[in-house]
Amino acid sequence: MAREQDYHTIMCGLQELDLQMNAVPSDLVLIGEHAFPLVMNPKGQVLMAASHYGKGRVVVLGHEQYLTSFPSLIKNALKWLKPCTGNAGIIGIQKSLRSVAASLNDCTIKTELGDFRRGLAVYITDAYSVENCAKDLIAFIKSGGGLIMAGQAWHWAGTHPQENTLKNFPGNKVCSVAGIYISKRYGKVGIFPVPKQIPYNWLALSIGKDFKDDLQFLLEGVSEFDVQGEAIASEVMVHGPLAFPIALTPAGKAFIAGAYYGRGRVILLSHESYMNRDSLSTFLINAIKWLDEDRKGVIGILPSLEAAHTILSKSGLDCQLTGFRKDLSVYVCTSYSDAQCAEIQEFVAEGGGLMIGGHAWHYAQTHCGCNVMTDYPGNHILNKMGLSLLDNTLIGELCKAPEIEQSCKEGYHFCNMLHRFAEHVYLGKELTNHEQSCLKQLGNDCASYLQMRCHDSAVYTSVVALLSDIVKKLGVPQVSSNSPVESAKDRLMLHIGSEVYKVSPDPDALLPYIIKDRPKLPTVSKARVRISAKTEGSEEWISTGLYLSPGMKTNIAVPPEIIRKNWQVQLGCQTDNIGRAKELKRAPVVHERFPLDAEMVQVCNLWGGLIYIIAPPQSKVDGVEFVVQDAVQAPYFKSGETSVADWVDRIRQAPSPWAELEFENIIMTLQSEFIRNLDRPDEVAKLWDTIMRSIADLAAKPGKFPRKERFVADVQISAGFMHSGYPIMMHTVSTTELVNIQEAYKKGLWGQIHELGHNQQRSVWEFRPHTTECTCNLWSLYVHEKVLGLNSYNAHPDLTPENRQARIKAYCDGGKDLKNWSVWTALETYMQPLKVFLSMDFTRYPGAFRPLREKSMLQEKFGWDAFKKVFTIYHDMNGVPDDNAEKMNLYAETFSKVVKMNLCPFFKAWGWPIQPRTQEKISHLPEWSNHPMVQYA
């Protein structure tokens with residue numbers, strides 16, 4: 001709004017501007033968040049612009065003749081530029097612009113012809129005569145002065161073909177600090193109407209420079225970027241018109257990039273260790289010289305980057321370990337602090353060089369729910385410069401240096417790719433195969449860019465406007481299980497529609513283009529939700545029994561006890577991001593979270609969803625009350641609170657399309673159609689209460705879980721047929737299994753218990769990756785035996801005697817290689833019924849097996865109690881080694897002590913790397929000599 005008001009002040013009273021005169025202007029390049037266009041032609045070229053810098057303001061015109069051709073505009077601009085109200089202050093006018101002074105004679109403005117001096121309110125100059133006073137003019141603007149500069153750079157560029165126009169054209173040495181550059185490109189003229197709002201045109205999306213000369217300098221002597229090793233970098237997003245990628249992975253992800261910012265330059269490396277690498281020394285020395293621009297000044301290097309100091313000193317420049325100083329030529333630092341953000345940005349804008357290294361993925365992982373684009377310290381510095389660090393990780397590879405010509409012509413850049421897609425939408429231009437392959441990247445970048453939420457920036461708001469217009473023109477595919485989305489273009493539109501809705505100034509206007517058929521569900525008003533919570537080391541979702549329809553807004557009154565205490569509200573139960581799937585049956589991300597940081601919080605989710613209150617770790621509240629102003633009632637059964645009669649008569653027919661069943665230790669979230677005819681939720685509760693207590697029993701934990709487990713059934717999930725976590729995700733097709741008691745006793749619940757078992761696994765007794773999909777099945781076996789009364793071979797087809805015998809034989813015949821010891825084969829080590837051995841030749845191994853009378857593997861030989869005792873010991877065990885070999889020896893030792901028998905022969909027969917010292921520790925125990933693997937020992 002502030003920027004729009006600035007525009008209205010400058011363009012007040014102007015209906016159109018006739019630029020059809022004998023004057024060819026330059027196209028202006030705008031960067032940063034303060035610069036905005038005043039006049040834009042139909043080709044998207046900016047011919048006049050304005051900006052802020054420090055306390056002052058700047059207006060730039062693409063030709064000096066405009067100073068006299070549009071006196072009303074100049075008078076408006078002077079009113080906007082003057083630092084104080086009224087007529088106080090002198091307007092200085094560069095002495096060659098006498099005609100400008102004459103055009104202002106009818107104003108009550110005091111003018112003065114001459115060179116720039118201190119004490120002026122505003123200075124008017126052409127863009128050709130400022131080189132000697134550039135430093136003084138910048139200081140003047142920064143302290144609150146106003147500047148009008150006019151001129152074109154195409155003629156200068158023609159007479160200085162080897163020069164960098166953006167850097168060296170005299171006018172750019174001043175106006176660039178405010179994010180306005182006079183380019184060497186001709187501006188097309190005409191008669192242009194003056195729009196009511198800041199002009200916007202998708203054609204304005206373009207790169208301001210080809211960067212060929214920059215890449216030639218930076219890549220001199222560089223054929224590859226060897227970033228192999230353990231360092232995990234972040235992906236760099238290059239989004240500014242004067243930013244450019246330098247080094248890319250084979251998949252086309254940028255990990256080193258550069259940019260122009262004001263009068264200065266930036267190099268971003270997406271891991272700080274890259275500044276220490278000998279393998280990158282040639283590039284790093286080129287980069288530091290490119291940043292220094294032959295000033296041969298002091299290169300200040302953050303003291304913690306001693307190894308970088310060693311590498312960069314090879315440049316021959318004066319490299320010093322020091323904190324940030326304004327007298328440096330280049331500053332080298334990491335991206336983990338924004339303590340001097342404004343000072344560093346000013347330093348670069350006024351001509352300094354910045355080399356900055358670091359990643360953002362660790363920050364994202366340790367600041368759950370944060371917006372990396374707005375919250376990560378390094379991005380506070382970088383976003384304005386057209387570069388950002390993303391939370392996406394990049395594994396180090398050996399990457400070829402780009403082909404400069406090809407990179408300049410065909411390389412991916414957010415601005416260019418968005419421009420090309422807009423051409424496809426508005427002009428019908430076909431996308432090349434390469435461009436179509438870039439649509440997924442474009443969708444990701446649009447989402448990241450929009451997350452900057454920089455609504456004060458004219459560039460940002462123009463991108464929001466463009467993406468909104470594209471959504472209205474093309475619409476968004478109506479994705480569903482019956483109408484999946486697969487094409488790159490449809491996926492892009494689904495992505496754009498989802499993301500631009502979140503930041504649109506008028507999301508309601510976009511909603512019909514994104515979701516065409518929204519059901520109108522009856523709502524309840526001022527629903528009161530009383531909650532209690534006592535969380536431990538993890539957050540907890542607290543169900544409200546309420547739902548919001550797609551795009552529906554509501555206000556939530558928040559109890560004072562939890563305001564600004566890291567509590568959140570979540571809309572939607574489906575938290576899986578399915579964006580990597582080849583085919584989409586729903587939008588990739590369909591949930592939203594909002595901080596509860598005020599007495600009243602407004603929330604909305606494009607895709608709707610159940611309403612949850614998210615309690616952070618280590619929280620304790622008792623009976624606090626939320627009031628939800630408007631919502632849809634959901635079918636919600638809670639053991640101990642909901643009566644069966646109320647459920648049957650009223651609650652199960654509540655209009656929400658999503659329902660929840662909350663029992664003692666587990667909560668099930670499923671589509672309401674699956675519970676509309678559920679008559680006895682109490683019987684379902686009884687079964688699941690028994691199952692969950694048995695899971696706790698085997699894990700040697702209290703029967704009441706500190707946090708209830710959750711199941712969510714969805715049309716599509718991020719991995720597998722089901723996957724563990726909080727919540728456990730499963731496909732909709734398995735929903736009926738959760739509530740069909742009779743089928744559970746007949747066929748079992750292997751998959752569901754398998755995932756619950758995953759949530760019980762602990763790294764101290766896990767040998768990943770071998771046992772990842774193995775030991776979770778101990779809980780499946782236990783529940784099916786103890787609760788459902790099913791033998792293992794009835795619980796899962798892979799546990800038939802024939803299959804088990806074949807696996808053991810194949811494993812042993814293959815040399816007992818632990819690479820092959822996983823899943824079902826590994827499960828045999830823990831627990832194998834005797835029936836697998838019935839077809840073996842027992843005459844060769846007398847006494848080894850006694851069919852049907854002696855249990856043969858760990859569980860059958862020693863019983864479930866042995867496992868419970870082992871798990872109990874591990875609960876309090878400290879100093880457990882990290883590597884599998886050590887952990888396997890510890891497990892063998894622990895299990896042996898529990899059962900008071902030396903199990904080393906048994907584990908060795910399975911190929912475990914049992915060490916002599918382990919055997920020595922338990923040598924006093926009797927050996928299990930007749931174990932079932934004797935024949936393979």
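By convention here, the first residue in the shown sequence is residue 1. The analysis underlying the following values was restricted to heavy atoms, covering all of them including side chains, and did not include hydrogens, waters or symmetry mates.
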Which label fits [X] and [Y]: parallel for a plane angle under 30°, tilted from 30 to 60°, or perpendicular past 60°?
X	Y	value
Trp541	Tyr726	perpendicular
Trp688	Phe711	perpendicular
Phe637	Phe663	perpendicular
His796	Trp824	tilted
Trp779	Phe871	parallel

Decide if the gap between the ring center of [X] and the ring center of [Y] is smaller than 6.0 angstrom.
X	Y	answer
Trp910	Tyr811	yes
Tyr891	Trp765	no
Phe867	Phe895	yes
Tyr636	Trp658	no

Check Arg586, Gln671, His731 against Asp714 for a side-chain hydrogen bond (donor to acceptor under 3.5 Å, both in side chains) and give me the one that passes.
->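 Exactly one candidate clears the test, Arg586.
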
Write down the atom of Pro617, the atom of Glu539, and the distance for their closest heavy-atom approach.
->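 Reported closest heavy-atom pair: CG-N, 3.8 Å.
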
Nearest atoms (heavy-atom pairs only) where Arg491 meets Glu583 |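 Closest approach of Arg491 to Glu583, heavy atoms only: NH1-N, 4.0 Å.
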
Got more than 12 heavy atoms from elsewhere within 6.0 Å of CG, Asp882?
->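 No, the 6.0 Å shell around CG holds no more than 12 heavy atoms from other groups.
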
Indicate yes or no for a side-chain donor-acceptor contact from His875 to the backbone of Ala700 under 3.5 Å, with no hydrogens or angles considered.
->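 Yes: the side chain of His875 pairs with the backbone of Ala700.
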
Within 45° cone and under 6.0 Å: Arg762 NZ/CZ vs Tyr874 ring |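 Geometry flag: not set, cation outside 6.0 Å or 45°.
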
Donor-acceptor pair between His723 and Asp576 side chains, under 3.5 angstrom =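 Judged by distance alone, the side chains do pair up.
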
Do you see a donor-acceptor pair shorter than 3.5 Å between the side chains of Glu660 and Thr669?
->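 Note: Glu660 and Thr669 side chains meet the donor-acceptor criterion.
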
Taking only Lys NZ, Arg NE, NH1 and NH2, and the carboxylate oxygens of Asp or Glu, determine whether Glu536 and Arg707 approach each other closer than 4.0 Å.
->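 Result for this pair is no, no salt bridge flagged.
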
